[in-house]
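A short worksheet on the structure shown next.
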Amino acid sequence: MLGIIGIGHLAAALLAGLHRAGFAPGEVLLSPRGRAAEMAVRYGHPLARDNADLVARCDLVLLAVRPAAAPGAVAGLPWRARQVLVSACAGVPIAALDTGPARRMRIMPLTAAEVGASPTACFPDLPEARRLLEALGPVIPLTSEAEFEIATVSAAIYGWAQDLIARSAEWAAAQGLDPLVARRLNALTFAAAGALIDSKHEPMAQMLHELVTPGGITERGFQILKAHDVSAGWEAACDAVMDKLKGR
Ligand SMILES: O=C(O)[C@@H]1CCC=N1
């Protein structure tokens, strides 16, 4: 059975993704706090008495509490060998999670798991968690915890991408486009850029070069973005996220 400790926004998205992928009510046990009661009613999953009860009854335990609470949430529970803890807590090193004989892995799912579209970074890639991860979207295995940490920055980029979509849609709506049309157009435009790049192997710079018509509209916008040093700001934001992750 899969147990989930920490039923907040992320777990709610993951539960929706699991439901969509066909996980049955009897396959998932929820720790009783946060939004657990609401999720139990929505999907029919039972509630554990407490975290010790959950760990005693589950082979796979997903941890989705706030990072600062992660070490305390797993310490002192009745962990056994052949059990796996899957931590979705950004920036919390494996070494900070004391699970005794149970194995540990880290994942960084996105809330798009709700629609089966989360590219979920993981380290190490333990087969016991494969069915769980594949239910959420494409699995991106990393080969070291240092690599995984770099991949974790994408979870912040995901938020910035949503902000760019929101601002582009708001701009278009302010110009007179129907707000729902603007929202859909911009969401699908960002998704389209990602889908094309992910489907090809040619250098991204070459793809962009082919896209940008000399003297055209994309080039005009790039001139303004460059004048505002947007690329430098973006890189500085990524650096700051990395520093924060390392400080946890
Ligand atoms: O902002 C955060 O720290 C978490 C990780 C990625 C999204 N939310």
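Here the structure is a predicted model, which is why all the values come from computation and not from measurement. Counting starts at 1 for both ligands and their atoms, in listed order.
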Is there a side-chain contact between M39 and L30 in this structure, where contact means two heavy atoms from C-beta onward sitting under 4.5 Å apart?
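Yes - at least one pair of side-chain heavy atoms lies under 4.5 Å apart.
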List, by chain and then residue number, the residues other than V153 in its hydrophobic cluster (Ile/Leu/Val/Met/Phe/Trp/Tyr, side-chain heavy atoms under 4.5 Å); write none if there are no others.
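Once heavy-atom contacts under 4.5 Å are chained together, V153 belongs with I150, I157, W160, L164, I165, F190, W234, V241, M242, L245.
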My question is simple, although I want it checked carefully: is atom 2 (C) of ligand 1 less than 4.0 angstrom from any protein heavy atom?
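So far as the 4.0 Å threshold goes, atom 2 (C) of ligand 1 is out of reach of every protein heavy atom.
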Sequence neighbours left out, what passes salt bridge (Lys or Arg N to Asp or Glu O under 4.0 Å) with E38? Give chain and number order.
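If we apply the salt bridge (Lys or Arg N to Asp or Glu O under 4.0 Å) test to E38, skipping adjacent residues, the hits are R35, R42.
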Counting non-hydrogen protein atoms only, what is the nearest one to atom 5 (C) of ligand 1? Give residue, atom name and distance.
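Scanning the protein heavy atoms, the shortest distance from atom 5 (C) of ligand 1 goes to A90 CB, 4.0 Å.
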Tell me the protein heavy atom at minimum distance from atom 7 (C) of ligand 1, and give that distance in Å.
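Heavy-atom neighbour on the protein nearest atom 7 (C) of ligand 1: A155 O, 4.2 Å.
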Salt-bridge criterion met for R106 and E145 (N-O under 4.0 Å):
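Result for this pair is yes, salt bridge flagged.
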